[in-house]
Every structure is written in C-alpha cells, then in structure tokens.
A.B. asks: 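Next up is a structure, given as structure tokens.
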Amino acid sequence: MDRFLIEGGRPLNGEVRISGAKNAALPLLAATLLASTPVTLRNVPDLKDVSTLIKLIRGMGVTITRDGDTVTVDTSTLNSQFAPYELVKTMRASILVLGPLLARYHDAKVSLPGGCAIGSRPVDLHLKAMTALGAEVTVENGYVHASVGGRLKGSRIQFELVTVGGTQNALTAAVLAEGTTIIDNAAREPEVTDLAHMLVKMGARIEGIGSDTLTVHGVEQLQGCEYPVIADRIETGSYLAAAAMTGGKIRTTHTDPSLLEAVLQKFEEMGAVVTTGPDWIELDMQGKRPRAVNFRTLPHPAFPTDMQAQLMAVNTIAEGTGTIIETIFENRYMHVPELSRMGAHIQVDGHTAIVSGVEQLQAAPVMATDLRASMSLVLAALAAKGQTCIDRIYHIDRGYERIEAKLTQLGASIQRVAG
Ligand code: UD1
C-alpha cells in the first residue's frame with residue numbers, strides 16, 4: 001500500500017488549479033445512462049472513484065471513451081442492468097445507477113454499497129423513493145432488485161432527512177416517469193443542482209432547481225448533451241486550509257466562491273484574509289497563527305461535513321478552543337486518534353469534538369481511515385515538526401487529483417512511497 005512522507009513546517013504559497021468535483025462527476029456519469037444519444041462530460045477529474053464508476057458502467061456494455069478530462073458515454077450498446085458487488089463495494093456512489101437504470105430500462109440489480117466507513121450509511125431512503133415511483137423493490141443476498149412494468153409513475157417523495165444521493169436517485173428516476181413528481185426536503189447541495197442542470201440540458205423538465213422542493217414533469221425520452229462538471233468545492237476548501245494551516249498564501253483557480261460561502265466565513269473568523277474573484281479564491285494567513293473556530297456540520301448551504309476533518313486539523317494548531325458538532329454522520333471522527341498521535345488535544349463526546357489548539361504538532365506515523373480524514377492528516381503533516389508517514393493513502397486517491405504534484409507546486413515536501 002502506498003504511503004506519503006511529508007516533511008512539515010514550510011508555509012505553502014502559490015496558485016493551484018482546482019479540478020472538477022468528484023461528487024458532481026459521479027451522479028452526472030450515472031445520469032448519462034438516461035440519454036438515448038451520446039453525452040460528453042468535460043472537466044471530469046482523474047480519480048479512482050471516477051474510474052471505478054466508468055468500469056461499472058462499461059461492465060453494462062456501455063461504450064465510454066476518455067480523452068484527458070473529457071468523457072463520452074454512448075449507451076446504445078448497453079446489454080445489462082447489473083452492478084456487481086466487486087465494484088460497488090469500493091464506492092457508495094455506485095448506488096446512483098439505480099434511478100437511471102430503473103427509469104429507462106425498467107429493471108436493475110445493484111449491489112448494496114460500501115465506500116467510506118463513516119457510519120452505517122443505509123440506502124433505505126433511496127429505495128423508498130423508487131417504491132414511491134411505482135417500482136417493486138426487493139433486497140436479497142446483498143443486492144437491490146428494482147423493477148417496474150412500463151414507465152415509473154410520478155408521485156410525491158417526502159424525504160424524512162436530507163440525503164444528497166437519495167435526492168439524486170429520485171431525480172434521475174422521476175425525469176422519465178409518467179406524470180409529475182414532487183420531491184420534498186430535497187438536498188440543495190451544488191452537486192444536486194449541477195445534476196438537475198444537466199438533466200434539463202438533456203431535455204428534462206424540472207422546476208425549483210436549487211431549492212428544497214423539486215418538481216419534475218416526466219418526459220418520454222432524454223437526449224445526449226455536452227456538459228462541464230462544476231469545480232470541486234471540497235478540494236478548494238482543502239487547499240485553502242493548507243494555507244491557513246501553514247501561515248501561507250494560496251490562490252485556488254478554476255473554482256467558484258459561491259459554492260463554499262459557509263467555509264470561507266470560517267476561514268475569515270480564523271483571521272485569514274480571503275479575497276475572491278469570479279472563478280478564484282485566495283487565502284492569505286499572513287504568517288499568523290489561526291484563531292480556533294466553532295462550527296456544526298449541516299446540509300448545504302450550511303457548513304459541509306466533507307470539510308469537517310480539514311477544519312478540525314486547522315483548529316488543532318489554532319489559538320484557543322474550538323467546538324465542532326458533526327450532525328450528518330455518526331462515525332466521522334476517525335481522524336481524531338490519528339491527529340492525537342501528532343500531539344493534537346481533542347476530546348470527543350458523541351457528536352461533539354472539543355479541540356484545544358497547541359502551538360506545534362509533532363510528526364508521527366499515522367493511518368488514513370477515509371477520504372476527507374486522510375486530507376486532515378496531510379494538513380497536520382504539512383504543519384508538523386519532522387517527517388510524517390501517512391499510510392493507506394488509497395483513500396486520498398479516491399478524491400484528490402494529483403495531490404502530490406499540486407502540493408509540491410505550492411512548496412510542500414511530499415513524497416509517495418510505493419509499498
Ligand atoms: C454525499 C457525498 C458525501 C457527503 C454527503 C453529505 C457523494 C458521492 N458523496 O454522500 O461526500 O459527505 O453527501 O453531504 O456525493 N441516509 C440514510 N438513508 C439513506 C440515505 C442517507 O439514513 O437512504 C443518511 C446517511 O447515513 C447520513 C445522511 O443520511 O447520515 C446523509 O447522507 P447522504 O446525504 O445521503 O450522503 P451521500 O449521498 O451518501
């Protein structure tokens with residue numbers, strides 16, 4: 001398993017180009033299954049999760065070509081609606097093929113997902129939504145089997161809690177249903193909005209995009225289109241956190257400040273100078289030590305759970321004490337014991353973590369446990385005294401494109417060691 005060796009203590013400075021969002025690219029790729037003619041996606045990041053989904057869709061007989069950050073999907077050769085355990089287990093987002101397959105081919109067999117081990121993360125709400133649209137859904141031997149005789153039927157779907165993937169599956173199923181579907185308590189994450197915009201470009205009729213009530217008037221067919229994936233707001237926030245963590249100054253380009261307002265506000269509270277333009281964000285820590293901040297993770301537009309670990313890392317070296325409350329996932333503090341090995345002072349009680357900032361972290365051997373947790377360890381290592389070895393970095397390769405190259409360009413000392 002590959003490891004990172006990071007020599008800490010250098011302020012990071014410079015410019016970094018942000019990639020397309022993993023969490024947008026995955027639902028968009030799954031939604032290409034709805035189109036009768038080829039779809040071309042641009043700004044697709046080169047990540048493990050993206051290649052896993054491409055492999056999964058290719059396994060259904062679909063023709064997919066990839067040229068740099070452009071991916072073209074032609075579903076005319078599809079010959080199976082089966083998503084096997086071997087691929088689905090590595091990535092929870094594989095469940096996103098369920099809605100499109102069911103809507104267009106009226107039958108799908110998809111393994112129950114795996115993915116990051118951050119809580120039990122069931123898919124019950126996805127399945128309830130498919131049932132509401134008239135599908136017969138059974139779960140047997142670890143597989144979801146959903147089918148419908150003819151088209152799905154428009155209906156009212158009321159999500160009891162905000163689910164990003166559940167909303168995306170409901171949306172991609174409803175667009176080809178007969179009649180109107182109303183999705184209540186829909187997720188408003190930018191990646192849901194991005195999906196809705198692409199579906200509209202394919203010919204779908206959706207009202208309320210960006211709000212928590214989506215109204216979908218089903219159409220009989222959707223066409224291919226060309227569509228660019230939005231910028232990765234979590235990658236953006238992670239690089240800005242690297243500047244806050246090391247007292248540096250980083251400009252993220254090819255990004256969108258409107259996607260991460262709640263995060264930028266926290267950086268400002270930390271004492272960073274944040275400036276933005278139409279497609280860039282710059283964070284200047286001016287060599288200062290950050291001030292500790294309190295925050296609570298909540299659905300968009302509030303503070304995102306996918307930035308919790310990174311901001312906790314900044315809090316570990318901040319002046320003062322910061323209280324963090326994680327409300328989205330039940331087991332998302334797996335980075336805490338690892339950060340503690342590096343000298344961080346963190347107390348966890350249920351959903352609450354209290355971080356008392358220390359002046360200096362120390363290098364230590366640590367282990368990545370999930371995607372965003374691994375980024376918090378990279379951040380801690382960048383600020384720590386000495387050389388940190390981070391094991392199991394396959395987690396980070398799922399979501400951060402060319403991370404060593406990008407960090408090196410910013411002045412970090414980071415090395416990948418194959419093992
Ligand atoms: C997506 C993101 C992930 C992010 C999360 C929350 C992708 C590929 N992943 O994950 O990075 O951390 O949104 O912003 O976009 N839940 C249920 N039943 C369900 C579905 C969800 O109980 O059927 C619960 C989950 O366990 C969790 C909460 O709802 O506690 C939110 O999960 P959800 O928004 O669905 O997350 P994902 O779509 O899996």
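Whatever order the structure lists them in is the order used to number ligands and atoms, beginning at 1.
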A.B. asks: Can you tell me if Thr305 and Glu326 form a side-chain donor-acceptor pair at under 3.5 Å?
C.D. replies: yes
A.B. asks: Does the salt bridge (Lys or Arg N to Asp or Glu O under 4.0 Å) test come out yes or no for Asp397 and Arg392, once each step is laid out?
C.D. replies: CA-CA 10 Å; Asp397 292 332; Arg392 301 203 177 174; over 6 Å; no
A.B. asks: Is Pro304 in contact with ligand 1, taking contact as a heavy-atom separation below 4.0 Å?
C.D. replies: no
A.B. asks: Backbone or side chain, does any N or O of Lys22 fall under 3.5 Å from an N or O of ligand 1?
C.D. replies: no
A.B. asks: Can you tell me which portion of Asp306 lies within the under-4.0 Å heavy-atom range of ligand 1? Options are side chain, backbone, both, or neither.
C.D. replies: side chain
A.B. asks: Can you name the atoms of ligand 1, numbered from 1 with element, that are less than 4.0 Å from a heavy atom of Gly165?
C.D. replies: 35 (O), 38 (O)
A.B. asks: Are Gln308 and His335 close enough that a side-chain donor and a side-chain acceptor fall under 3.5 Å?
C.D. replies: yes
A.B. asks: Side chain or backbone of Thr305 under 4.0 Å from ligand 1, or both, or neither, by non-hydrogen atoms?
C.D. replies: side chain
A.B. asks: Hey, what's the ring geometry for Phe295 with Phe303, parallel, tilted or perpendicular (30° and 60° as the breaks)?
C.D. replies: tilted
A.B. asks: Side chains of Thr181 and Ser155: donor-acceptor distance under 3.5 Å anywhere?
C.D. replies: no
A.B. asks: Would you mind listing which atoms of ligand 1 come within a distance below 4.0 Å of any non-hydrogen atom of Val123?
C.D. replies: 19 (C), 23 (O)
A.B. asks: Provide the number and element of each atom of ligand 1 under 4.0 Å from a heavy atom of Ile328.
C.D. replies: 27 (C), 28 (C), 30 (O), 31 (C)
A.B. asks: If only side-chain N and O atoms count, and only distance matters, is there a donor-acceptor pair under 3.5 Å linking Tyr400 with Asp232?
C.D. replies: no
A.B. asks: Under 4.0 Å from ligand 1, counting heavy atoms only, is it the side chain of Arg92, its backbone, both or neither?
C.D. replies: side chain
A.B. asks: Going by atom types alone, do His217 and Glu207 pair a side-chain donor with an acceptor below 3.5 Å?
C.D. replies: yes
A.B. asks: If we set the cut-off at 4.0 Å for heavy atoms, which region of Leu161 has an atom near ligand 1: side chain, backbone, both, or neither?
C.D. replies: side chain
A.B. asks: May I ask whether Arg332 places a heavy atom under 4.0 Å from ligand 1?
C.D. replies: yes
A.B. asks: Is there a polar contact between ligand 1 and Val164, counting only N or O atoms under 3.5 Å apart?
C.D. replies: yes
A.B. asks: Checking the N or O distance criterion of under 3.5 Å, is ligand 1 in contact with Leu125?
C.D. replies: yes
A.B. asks: If hydrogens are left out, which of Gly166, Pro122, Pro27 has an atom nearest to atom 20 (C) of ligand 1, that is, the closest non-hydrogen atom?
C.D. replies: Pro122
A.B. asks: Looking only at the side chains, is there a donor atom on one of Arg104 and Thr75 sitting less than 3.5 Å from an acceptor on the other?
C.D. replies: yes
A.B. asks: For the pair Glu269 and Arg291, find out whether any cationic side-chain nitrogen is under 4.0 Å from an anionic carboxylate oxygen.
C.D. replies: no
